[in-house]
Amino acid sequence: MALYSAEALVLDVRDFQEQDRIVTVLTREYGKRRGVAAGARKKFSRFAGQLQPLAKVHLKWWEKEGRDLVRVSDVSLVRGADFLQQDLEGILLSAYLAEHVTELAQESEPSELYFRLLDSTIEALEAGVSRDLATRYFEAWMLRLAGVFPAPRECPACGRPFPGGAVLPRGDDALLCLECARDSGVAGGGLLVGPEVLGFLLRIGREALPKLAEGSVPKAVLRRVEELATTLRRRFLDRELKSYTVMRRTLAETEELG
């Protein structure tokens with residue numbers, strides 16, 4: 001049995017048996033890890049207040065070859081994320097961000113880029129960056145890191161920049177310019193991506209989130225980016241993230257009641 005230690009971002013915490021919890025975390029060096037925090041549900045547990053969703057912690061764990069679950073031995077809080085647990089939207093958003101990483105990051109493989117993306121997104125949210133903007137930035141980059149977000153620079157069919165916008169055809173992961181989409185007969189029924197959306201996607205690729213937040217982004221652009229990311233994610237996973245479905249349904253119901 002070997003002892004490991006690393007900074008980690010808490011993705012999920014679930015009750016286990018009578019007194020324990022199972023925690024899923026993301027580390028830079030070791031990717032995702034799932035472990036048992038024995039006694040974490042006890043009133044005076046040494047883990048009390050440390051295992052909160054999206055918290056950044058310093059984690060120590062014992063790992064035995066051949067076992068899926070590690071044994072968490074120590075947790076110390078580096079940065080809390082309780083600011084996201086103070087309202088319904090924040091709670092839903094936390095689950096949505098975490099499920100992205102749970103689905104796309106690999107077990108036992110270095111996850112430096114995923115770690116940095118989630119870590120910086122949480123920092124930006126805590127600093128007051130718009131949740132809508134931060135979520136769209138996070139979605140686009142998660143799919144880029146997974147290799148499924150199309151390059152918004154030029155048409156792969158003709159090699160030219162996108163004049164006037166682009167189209168994401170049904171069943172395809174590549175954006176086509178309007179002319180190539182029309183010539184190939186796939187324009188109808190495809191998802192239209194306008195020039196403003198393409199411009200925003202280019203900014204996502206070259207600007208950090210705090211810099212991006214210095215200006216204003218029209219809500220219509222954010223909605224189209226969300227639609228594009230959602231379409232690509234569903235095709236890649238062959239299903240929708242449960243947290244996204246719950247978040248959209250719950251927020252829609254809340255708006256109707258309000």
Side-chain angles (χ1 to χ4, degrees), residues 6-16 21-37 51-57 59 61 68-70 72 81 84-85 89-125 131-151 168 171-174 191 201 204-205 209 222 225-251:
E7 273 195 338
L9 296 168
V10 179
L11 301 178
D12 187 53
V13 182
R14 299 177 184 271
D15 292 343
F16 180 62
R21 287 196 167 98
I22 291 181
V23 57
T24 303
V25 301
L26 179 73
T27 69
R28 292 185 179 90
E29 303 91 335
Y30 309 103
K32 285 187 303 185
R33 281 291 190 270
R34 293 178 68 245
V36 177
L51 299 175
Q52 47 183 268
L54 297 189
K56 188 176 185 178
V57 300
L59 188 73
W61 70 92
D68 293 332
L69 292 175
V70 304
V72 178
L84 286 171
Q85 305 300 310
E89 182 185 41
I91 293 170
L92 295 169
L93 177 57
S94 294
Y96 181 54
L97 299 179
E99 191 179 4
H100 268 87
V101 180
T102 301
E103 287 291 334
L104 297 177
Q106 300 299 309
E107 298 275 356
S108 306
E109 292 186 11
S111 298
E112 172 72 22
L113 295 179
Y114 285 127
F115 188 98
R116 284 168 50 191
L117 175 59
L118 181 57
D119 190 32
S120 62
T121 300
I122 297 168
E123 282 187 351
L125 287 167
R131 289 176 176 177
D132 197 5
L133 176 64
T135 305
R136 305 294 77 85
Y137 180 92
F138 180 83
E139 288 169 337
W141 265 111
M142 282 297 298
L143 292 172
R144 283 189 182 202
L145 295 178
V148 296
F149 201 91
L168 180 72
D172 199 345
D173 296 335
L191 180 63
L201 293 176
I204 285 178
L209 183 50
L222 295 177
V225 172
E226 179 180 6
E227 184 179 10
L228 176 61
T230 301
T231 301
L232 291 165
R233 186 176 63 238
R234 285 173 180 164
R235 291 178 183 177
F236 180 63
L237 297 176
D238 201 27
R239 58 182 174 79
E240 183 54 277
L241 294 179
K242 181 179 179 181
S243 57
Y244 181 79
T245 302
V246 171
M247 179 171 63
R248 282 291 156 234
R249 183 179 65 240
T250 303
L251 292 179

Check the pair Arg233, Met142 against side-chain contact (heavy atoms from CB on, under 4.5 Å), reporting the backbone distance first and the verdict last.
CA-CA 10 Å; Arg233 186 176 63 238; Met142 282 297 298; over 6 Å; no
Check the pair Val225, Tyr137 against side-chain contact (heavy atoms from CB on, under 4.5 Å), reporting the backbone distance first and the verdict last.
CA-CA 9 Å; Val225 172; Tyr137 180 92; over 6 Å; no
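Taking NZ of Lys56 as the start and CG of Asp119 as the end, the distance is 3.5 Å to the nearest 0.5 Å. Rounding to the nearest 0.5 Å places CD1 of Ile22 at 12.5 Å from CG of Leu51. Separation of atoms OG1 (Thr135) and CD (Glu89) is listed at 8.0 Å; rounding is to 0.5 Å. With rounding to the nearest 0.5 angstrom, the CG atom of Leu125 is 6.5 Å from the OG1 atom of Thr121. The distance from the CZ atom of Arg144 to the CG atom of Leu232 is 11.5 Å, given to the nearest 0.5 Å. Here the CG-CD1 distance, from Leu133 to Ile204, works out to 7.5 Å after rounding to the nearest 0.5 Å.
Nearest heavy-atom pair across Pro150 and Ala174 is CB-CA, 4.2 Å. Here the closest non-hydrogen pair linking Leu104 and Gln106 is O-NE2, 3.4 Å. Across all their heavy atoms, Ala81 and Pro53 have their closest contact at CB-O, 3.5 Å.
With Glu227 as the fixed residue, the side chain to side chain contact (heavy atoms under 4.5 Å, CB included) test singles out one of Leu168, Leu222, Leu191: Leu191. For the side chain to side chain donor-acceptor pair (under 3.5 Å) with Ser94, the lone residue among Gln85, Glu99, Gln52 that qualifies is Gln85.
Within the 3.5 Å criterion, the main-chain N or O of Arg34 finds no donor-acceptor partner in the side chain of Trp61. Between the side chain of Thr27 and the backbone N or O of Tyr30, at least one donor-acceptor pair lies under 3.5 Å. Checking side-chain atoms of Glu139 against main-chain N and O of Ala229 turns up no donor-acceptor pair under 3.5 Å. Between the side chain of Lys32 and the backbone N or O of Thr102, at least one donor-acceptor pair lies under 3.5 Å.
Under the salt bridge (Lys or Arg N to Asp or Glu O under 4.0 Å) criterion, Arg248 pairs with Glu226, sequence neighbours left out. By the ring pair (Phe, Tyr, Trp, His ring centres under 6.0 Å) test, Phe115 pairs with no residue at all, sequence neighbours left out. Under the ring pair (Phe, Tyr, Trp, His ring centres under 6.0 Å) criterion, Phe149 pairs with no residue, sequence neighbours left out. Evaluation of the side-chain contact (heavy atoms from CB on, under 4.5 Å) rule for Val246 yields Leu92, Lys242, Arg249, Thr250 as partners, not counting sequence neighbours.
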What donor-acceptor contacts under 3.5 angstrom involve side-chain atoms of residues 8-16, with partners at least two apart or in another chain?
{"unit_1": "Asp12", "atom_1": "OD2", "unit_2": "Arg14", "atom_2": "NE", "d": "2.6"}
{"unit_1": "Asp15", "atom_1": "OD1", "unit_2": "Arg21", "atom_2": "NE", "d": "3.0"}

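Relative ring orientation between Tyr96 and Tyr244 is described as tilted, the plane-to-plane angle lying within the 30° to 60° band.
Identified under the salt bridge (Lys or Arg N to Asp or Glu O under 4.0 Å) test for residues 104-115, with sequence neighbours left out: Arg28-Glu112.
Residues Leu84 and Arg131 form a side-chain contact, since some pair of their non-hydrogen atoms from C-beta on lies under 4.5 Å apart.
At most 12 non-hydrogen atoms from other residues, nucleotides or ligands lie less than 6.0 angstrom from CZ of Arg116.
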